[in-house]
Every structure is written in C-alpha cells, then in structure tokens.
There are 2 protein chains.
Amino acid sequence: MNAPNLRLGDLQLRILEILWDRTEASVADVHAVLKPERELAYTTVATMLRKMEARELVGHREEGRTFLYRALVQADAVTRSAGEHFVGRLFEGSLADAVSHLLTTREVSRTELDQIEKLIREAKRRAK
Amino acid sequence: MNAPNLRLGDLQLRILEILWDRTEASVADVHAVLKPERELAYTTVATMLRKMEARELVGHREEGRTFLYRALVQADAVTRSAGEHFVGRLFEGSLADAVSHLLTTREVSRTELDQIEKLIREAKRRAK
DNA sequence: GCCACACTACTACCGCAGTAGTATTACCAC
DNA sequence: GTGGTAATACTACTGCGGTAGTAGTGTGGC
C-alpha cells in the first residue's frame with residue numbers, strides 16, 4: 001500500500017478537512033469555506049489542489065467544466081501518522097510520556113480528565 | 001517574549017536534543033553524535049547550526065577558534081509547542097480526542113496504561 | 001618559516017509548501 | 001455570434017529545511 005507521504009502543511013491539512021466534511025468540493029467551494037479564515041486567491045486554492053493531486057492526496061472527477069475534488073487519504077491515516085511522529089519523535093515512543101506532557105502543559109478540564117480515564121479503562125478491558 | 005518560530009525540521013530537532021544533552025557542543029561534537037545515525041557532511045551540520053542561530057534557536061560563544069553552541073530554546077517549549085499544534089490542529093483542541101486516538105491506533109502496553117491512569121489521578125488531585 | 005589541519009564563511013542547489021499572476025478555454029446570456 | 005464570466009493550465013517566486021562543496025584563515029607541529 002503506497003501510503004503517500006503524509007507530512008502535510010497547514011493549508012493542505014485544512015483543505016483535506018474541508019474535503020472530509022463534504023466528500024466532494026469544487027475549487028470554488030473550498031475557496032469559499034477558506035474565505036473567512038484566510039484571504040487566499042482563488043488560483044492559490046486551485047494550485048494547491050493540483051499539487052495535492054500530484055501527491056495523490058486528493059483526486060478529482062469532472063462535472064462539466066468543473067473539477068470536483070475528493071480526499072484520497074483518510075482522516076484516520078493522517079492523524080495516525082501525525083500521532084506516530086509526535087510520540088515517536090518527541091517522546092521516544094513513550095505514549096505515557098507524551099500524555100504526561102500534554103497533561104502538565106495544558107489546561108485540562110475535569111470533564112476531559114474523566115473522559116480520558118474512561119478511555120483508559122476501556123483500553124484495559126479490550127487488552128485483557 | 002518572542003518565542004522564536006518553533007516549527008522544527010527533523011534534523012533541527014535532533015540537533016537541539018544533542019545540545020540539551022550536553023549544554024554546549026562544537027560542530028565537531030554534534031557531527032560526531034549524529035555520525036552513526038545519519039551520514040552527514042561536517043559542513044552540513046555547521047550550516048544547519050548557523051541557520052538555527054539566525055532563527056535564534058541556538059547561540060554560540062567562541063572558545064579559541066571553535067564555536068561552542070548551546071540551545072536557546074528549552075526542550076519544554078518545543079514539546080509544548082508541538083503538543084499544542086498536534087492537539088489543536090488535528091483534534092480541535094480536545095485532549096481527550098487526541099488521547100483517544102493515540103490509544104486506539106497504537107499498541108499500548110499494560111504498563112503504559114497503568115502509568116497514564118496514575119497520571120490522570122494525579123492531575124485530578126492537583127486540580128481539586 | 002612553512003605546511004597541514006581544523007574551523008568558519010559563503011554560495012549553491014533541491015524539494016516542497018504557499019502564494020498568486022497571466023493565459024487559455026468553454027459556456028451562457030442576450 | 002459576441003462578450004463577459006468562470007474554470008483550469010502554466011509559470012513564477014519566496015521561504016525554509018536539508019545538504020554539501022569551496023574558499024578563506026588562524027594555529028600548532030616540526
């Protein structure tokens with residue numbers, strides 16, 4: 001399975017998120033969604049999509065004159081790859097270290113702590 | 001506080017790790033440590049260090065003709081920044097989502113689960 | 001005194017994200 | 001059918017990580 005290189009820039013990730021949301025989107029669609037958050041030229045979005053297609057991150061079909069793009073990589077694969085890099089590269093693979101660091105350097109709400117606790121219990125149940 | 005841009009490449013991170021380990025290091029030192037893992041030209045390391053100095057990631061003092069570099073950014077700041085980016089960018093800031101994802105897409109040992117559980121309990125105690 | 005060596009400085013190049021302008025083309029309205 | 005519009009195609013440029021060669025220079029050994 002040729003996992004296309006999954007090191008993504010911010011814009012690329014943002015575009016993928018948009019495509020994950022709506023399955024298919026034209027350049028105009030993506031541009032419109034991006035509009036409020038960043039002021040990008042229409043052609044910038046088009047160029048980015050074409051570059052991403054070259055890297056097999058997205059694909060397209062034609063509807064009349066319009067290209068409808070869709071994501072070729074799953075959100076899952078991207079987040080997994082990012083997680084691996086994060087834990088592996090910065091904490092030598094120790095998930096506990098990574099979580100520890102996240103817990104101590106961020107504000108974490110009681111609710112989140114409860115949620116995570118539950119996740120751990122579930123993981124244990126699955127493992128055992 | 002001007003946090004210098006903390007988006008680091010792999011080599012840069014590796015170099016910082018080396019500097020964190022030994023406080024000060026010459027180009028030759030860094031090159032020697034890197035040697036077994038990646039075959040880099042001496043000048044590559046020197047160039048990288050100079051570039052990193054331009055970005056204020058490292059600084060140097062001169063000992064005779066030799067530059068002794070030291071890290072200007074703390075390991076802490078780098079991992080925090082990376083953590084923020086990871087959680088913020090990929091999980092909309094939800095630490096629980098991030099941890100959940102890490103737990104389900106990786107092999108996690110019993111021991112690690114126990115460790116994390118303990119961390120959660122501690123965090124709760126601190127919070128309350 | 002001279003040579004080799006160890007350093008740093010400078011320059012260059014690739015790949016890729018990001019950004020955008022210009023050119024081309026097809027279609028729709030009237 | 002002609003003009004405007006909306007679409008893609010092509011090209012270009014910046015910045016940066018990564019990589020490395022070459023040039024310049026000071027120092028120590030003999």
Side-chain angles (χ1 to χ4, degrees), chain A residues 3-19 24-35 37-71 73 78 81-82 85 89-90, chain B residues 4-19 24-35 37-70 73 78 81-82 85 89-90:
Chain A
N5 179 11
L6 286 182
R7 299 295 274 291
L8 306 173
D10 276 346
L11 178 57
Q12 297 187 338
L13 180 55
R14 195 64 196 84
I15 288 177
L16 280 179
E17 284 169 352
I18 293 168
L19 293 180
E24 271 191 333
S26 66
V27 175
D29 292 339
V30 175
H31 183 238
V33 176
L34 249 25
K35 188 83 175 183
E37 38 193 288
R38 23 170 115 186
E39 203 57 51
L40 288 179
Y42 180 94
T43 53
T44 299
V45 178
T47 303
M48 202 63 235
L49 279 165
R50 227 165 330 101
K51 287 191 177 185
M52 288 169 76
E53 183 157 39
R55 279 184 56 197
E56 291 183 306
L57 296 170
V58 304
H60 83 270
R61 67 182 182 88
E62 300 182 32
E63 176 86 30
R65 302 247 52 69
T66 305
F67 282 17
L68 290 180
Y69 287 92
R70 71 186 191 291
V73 289
V78 171
S81 154
H85 191 255
R89 197 63 198 72
L90 272 79
Chain B
N5 179 11
L6 287 182
R7 300 297 274 293
L8 306 174
D10 277 346
L11 177 57
Q12 297 187 337
L13 180 54
R14 194 66 196 82
I15 290 178
L16 280 180
E17 284 169 351
I18 293 168
L19 294 180
E24 271 191 334
S26 65
V27 175
D29 293 338
V30 175
H31 183 238
V33 176
L34 249 24
K35 188 86 174 180
E37 38 193 287
R38 23 169 115 184
E39 203 57 51
L40 289 178
Y42 180 93
T43 53
T44 298
V45 178
T47 304
M48 201 65 234
L49 279 164
R50 227 163 333 100
K51 286 189 175 187
M52 289 169 74
E53 182 157 38
R55 279 183 56 196
E56 291 182 305
L57 295 170
V58 304
H60 82 270
R61 66 182 184 88
E62 299 182 33
E63 178 85 32
R65 301 246 54 70
T66 306
F67 282 17
L68 290 180
Y69 286 93
R70 71 186 193 290
V73 289
V78 170
S81 153
H85 190 256
R89 197 63 198 73
L90 273 77

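Chain A is the first sequence line, chain B the second, and so forth, proteins listed ahead of strands; every chain is numbered from 1. The basis for the numbers below is simple: all heavy atoms, side chains too, and nothing from hydrogens, waters or symmetry mates.
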Participant: Mind calculating the distance between CD (B:Q12) and P (D:dT19) to the nearest angstrom?
Facilitator: 11 Å
Participant: Strictly under 4.0 angstrom, non-hydrogen atoms only: write out the protein contact profile of nucleotides 5-11 of chain C, one letter per nucleotide from the 5' end, B, S or -.
Facilitator: --SBBB-
Participant: If I take atom CD in residue A:E62 and atom P in nucleotide C:dC27, what distance separates them, rounded to the nearest angstrom?
Facilitator: 11 Å
Participant: Can you see if the side chain of B:T44 gets near the phosphate of D:dT19 - specifically, an N or O under 4.0 Å from OP1 or OP2?
Facilitator: no
Participant: Whole angstrom is fine here: how far is it from CD in A:E63 over to P in C:dC27?
Facilitator: 13 Å
Participant: Given 3.5 Å as the limit, does a donor-acceptor pair link the side chain of B:T47 with the main chain of B:T43, or not?
Facilitator: yes
Participant: Considering only heavy atoms from C-beta outward, does the side chain of A:E24 approach that of A:H60 to under 4.5 Å?
Facilitator: no
Participant: Would you please classify the geometry between the A:Y42 ring and the A:H31 ring as parallel, tilted or perpendicular, with 30° and 60° separating the classes?
Facilitator: perpendicular
Participant: Taking atom C1' of D:dA20 as reference, at what distance in whole Å does atom CG of B:L11 sit?
Facilitator: 13 Å
Participant: Tell me, do B:L34 and B:L11 make a side-chain contact under 4.5 Å, heavy atoms counted?
Facilitator: yes
Participant: Any non-hydrogen side-chain atom of A:E17 less than 4.5 Å from a side-chain atom of B:R89?
Facilitator: yes
Participant: Decide yes or no for A:V27 and A:Y69: does some side-chain heavy atom of the first lie under 4.5 Å from some side-chain heavy atom of the second?
Facilitator: yes
Participant: Write down the distance between CZ (B:R14) and P (D:dT19), rounded to a whole number of angstrom.
Facilitator: 13 Å
Participant: B:R38 side chain N/O closer than 4.0 Å to the phosphate oxygens (OP1, OP2) of D:dG18?
Facilitator: no
Participant: Could you give the CG-to-C1' distance, from B:L6 to D:dC16, as a whole number of Å?
Facilitator: 15 Å
Participant: Provide, to the nearest angstrom, the distance between the CG atom belonging to B:L49 and the P atom belonging to D:dA20.
Facilitator: 15 Å
Participant: Take atom CG of A:D10 and atom P of D:dC16, then tell me their distance rounded to the nearest Å.
Facilitator: 15 Å
